[in-house]
Amino acid sequence: MANNISIKQADIDSRTSKLTLDQSKWAQYGTASGNTGLGLNFGRSINQTTNIYTNTEGLSQIYSLQVGITLFNWFALKRATESNKYSYEAQVINIDKIKNDVTLNVAAGYLSALLAKEQVTLALTKLQLTSQQLENTRRLVDAGSVPELNAAELEVQFATDTASVITAQETYDLDNLQLKAILNLDAAAPFDLDTPPIETIPIEPISQLQPDIVYSLAVNSFPQQKMNDLRITSAEKYVDYNRGRLYPTLTAYGALGDNFFNDLRHVDYLTSSAPLPGSYALNTNPVPSEQYPVYYPNITPVYSSQPFYKAFQGYGDQLSNNFGQQVGLSLNIPIFNGNSQRINYKKAQLNVATAKLSKENDLMTLKQGVYQAYYNAVASLEKFEANKKAVTVAEKSFDLSSKRYSIGMLNTIDYLTNQNNLFTARINVLIAQYDYVFRIKVLEYYKGLGIKL
C-alpha cells in the first residue's frame, strides 16, 4: 500500500478533485479585483482629469476596484458545486477500490511464488532421491549385481531431474520478481518470501461462500459499485448545471475609481497688448466723432521644467475631488452563441447514460467474477481431494517398487515410472491446493472480508 504507484496516482486524482470542489464553492461568492497604474505621459496625451488632449509632460495615476456577484442563475453554480462534491467522493472511493485490487494482485503473486518455491523443494527432493538411487545402483553395477543399463537409465533420469530443478528455480525467480514489481520494490533489492505452510492460511468454508449470497453482499459493499453510484449522481447534477446555463443570469456589480494628474512642466504666462488692426472705437466726449485704436491682450505661455518632488503637489486634493462610485444590476440573456450551451446540456445527458451503462457493465462483470471464482474453487477443491488420493496411491506404489527394485525384482524403467508418478501427483496436489486457496481468497474479497494470508 505504501509503495504502489497506482494508489499514489489515485490519491493525487482525489486531491485534484478536491481542489476543483473548493474552487466551485468559492465561485458562489462572486469576484473582486483592484488595480492601479502610475505612469509618465509624453507628447500629445489626454489629461485624466479634464479629459482634454494637450501637449504635456505629466505624471498620472489611476485607481479602480470592481466587485460582482451572481444573484440568481437558476441554481447553476450550486449544482456545479454538488456535481464536483459527488465526483470528489467517487475519487476517494476509487482509492479504496485500487487498494483492494492491489491487495488481490499481491495475494495472487504471493501464492504463485509460494507454489513455485514448493515446486523447487519437490524438484530438489526428487533430484536427491534419484542421486541416492544412482549411487546405490553404481555400487551394485561395480559389484556385478545389476547390469550397466540400470545405471545409465538412472543417469538419464538424474539429468532430467537436474533440468527440472533449474526450471523450477527459474519459475520461482520470475514469480519473485513479479511480486517485487507488484510491491513496487527495486528488482535488485534482497527479497525472500515468508513461507508458512499452506494449511495455516485461514480460509472460509466453501459452504459460507455461495455465489448468490456473495454477489448480493458485493453489490452493497464493493467500492466499484459505490463509486459508480456517486459518478451517476455527479453526472445528473452536471445536467442540472447545464440546464441552468440556458436561462438568464442576474448579477450585481459595483466599482470605485479615482485618478490623479500633474504636469511636470511649470507654465508662466507673459501678457502684452497691441492694437487690433482695422478696429477703432468712436469717442463722443470730449470731441465728438474722434476715433481711437482698439487694443487686445496677447498672452504667451512660457514652459519651464519643475523639480520632480513637486510632481505630487495636490495629490490628496485631486484624489478627493476625482473619487467616483458605481453600482448596478446586470441581466445576461443567452440568445444565441453558436448553440454551444444547448449542445453542452445534451452532452451532459449522454454522460449520465454512459455512467449508468458503466454501472450495469460493472455489475455484470462482478456477477460473472463471483460465479467464476466459486466454480473454480469447487473444481479446485475436487481436484485437490482427488490428487490427495492419487498421492496416497502413488506413495504406496513407489514404496513397493523401491523394495522390489532394491532386491532386483523390478527394472529401472518401471522404478523410474513409479518415482515420476509420485512426483507428478505431489506437484498436482500442490497446484490444486494453492489454486483452491486463491479462489477462496477471491470469494472472500468479493464478500468484503478483505485478504488474509
Side-chain angles (χ1 to χ4, degrees), residues 1-34 66-106 182-184 218-247 249 251-252 340-341 343-363 365-366 445 448 450-451:
M1 295 298 175
N3 298 328
N4 189 267
I5 292 178
S6 297
I7 295 177
K8 293 179 180 179
Q9 289 174 332
D11 180 64
I12 291 175
D13 290 340
S14 70
R15 284 187 283 172
T16 301
S17 183
K18 180 62 165 61
L19 292 175
T20 302
L21 172 60
D22 293 340
Q23 185 180 25
S24 62
K25 287 180 179 179
W26 284 107
Q28 300 179 81
Y29 298 104
T31 61
S33 63
Q66 300 87 25
V67 295
I69 187 170
T70 300
L71 298 180
F72 187 70
N73 66 340
W74 303 91
F75 306 106
L77 291 178
K78 183 179 180 180
R79 298 295 179 256
T81 301
E82 292 173 346
S83 175
N84 291 330
K85 173 179 175 290
Y86 289 114
S87 178
Y88 165 64
E89 291 176 356
Q91 289 293 346
V92 173
I93 296 295
N94 186 49
I95 297 176
D96 295 332
K97 172 190 174 295
I98 293 178
K99 285 182 177 180
N100 285 350
D101 293 343
V102 169
T103 302
L104 189 62
N105 290 336
V106 171
I182 297 174
L183 295 171
N184 198 33
V219 169
N220 295 324
S221 63
F222 217 53
Q224 180 70 49
Q225 309 314 315
K226 295 179 181 179
M227 184 174 66
N228 285 335
D229 291 336
L230 288 170
R231 285 177 173 173
I232 291 174
T233 305
S234 174
E236 290 173 343
K237 293 297 182 181
Y238 197 67
V239 170
D240 295 338
Y241 161 74
N242 280 282
R243 184 188 296 114
R245 296 291 302 274
L246 296 173
Y247 299 101
T249 299
T251 59
S340 61
Q341 194 54 53
I343 293 297
N344 289 336
Y345 173 63
K346 292 181 179 180
K347 284 182 178 180
Q349 290 177 315
L350 293 177
N351 287 337
V352 173
T354 300
K356 290 181 178 179
L357 288 175
S358 296
K359 178 183 178 180
E360 183 179 349
N361 183 66
D362 287 339
L363 285 172
T365 303
L366 175 63
Y445 163 73
I451 301 294

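Here the structure is a predicted model, which is why all the values come from computation and not from measurement. What you see below is based on every heavy atom in this structure, not just the backbone, and it leaves out hydrogens, waters and symmetry mates.
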Counting only N and O atoms by type, is there a donor-acceptor contact under 3.5 Å from the side chain of Asn94 to the main-chain atoms of Ala90? no
How about NZ on Lys347, more than 12 heavy atoms from neighbouring residues, nucleotides or ligands closer than 6.0 Å, or not? no
Salt bridge (charged side-chain N to carboxylate O under 4.0 Å, His left out) for Arg79 and Glu82? Distances and angles first, verdict last. CA-CA 5 Å; Arg79 298 295 179 256; Glu82 292 173 346; 3.5 Å; yes
Just checking, is any N or O donor in the side chain of Tyr345 or Gln341 under 3.5 Å from an acceptor N or O on the other one? no
Treating Thr249 as the side-chain partner and Asn73 as the backbone partner, does any N or O pair qualify as donor plus acceptor under 3.5 Å? no
Pairing residues for Ser87 by the side-chain hydrogen bond (donor to acceptor under 3.5 Å, both in side chains) criterion, not counting sequence neighbours: none
Can you sort out the partners of Asp96 under salt bridge (charged side-chain N to carboxylate O under 4.0 Å, His left out), two or more places apart, ordered by chain and number? none
May I ask you to check whether Tyr445 and Asp101 show a side-chain donor-acceptor distance below 3.5 Å? yes
Taking salt bridge (charged side-chain N to carboxylate O under 4.0 Å, His left out) as the test, write out the residues that go with Asp362, two or more places apart. none
Judged by atom type as modelled, is there a donor-acceptor pair below 3.5 Å linking the side chain of Thr365 to the main-chain atoms of Asn361? yes
Verify, without hydrogens or angle tests, whether Thr354 (side chain) and Leu350 (backbone) share a donor-acceptor contact under 3.5 angstrom. yes
For Tyr238, I'd like to know if atom OH has over 12 heavy atoms of other residues, nucleotides or ligands within 6.0 Å. no
Do Thr70 and Thr251 have side-chain N/O donor and acceptor atoms under 3.5 Å apart? no
For the backbone of Gly448 and the side chain of Ser221, can you confirm whether one donor and one acceptor N or O come within less than 3.5 Å of each other? no
Only residue of Asn184, Leu183, Ile182 satisfying side chain to side chain contact (heavy atoms under 4.5 Å, CB included) with Asn3 is Asn184
Do the side chain of Asp11 and the main chain of Ile7 share a donor and acceptor less than 3.5 angstrom apart? no
The test is salt bridge (charged side-chain N to carboxylate O under 4.0 Å, His left out); show your working for Glu360 and Lys356 and say whether it passes. CA-CA 6 Å; Glu360 183 179 349; Lys356 290 181 178 179; over 6 Å; no
For Thr16, does its backbone N or O pair with a side-chain atom of Thr20 as donor and acceptor, under 3.5 Å? yes
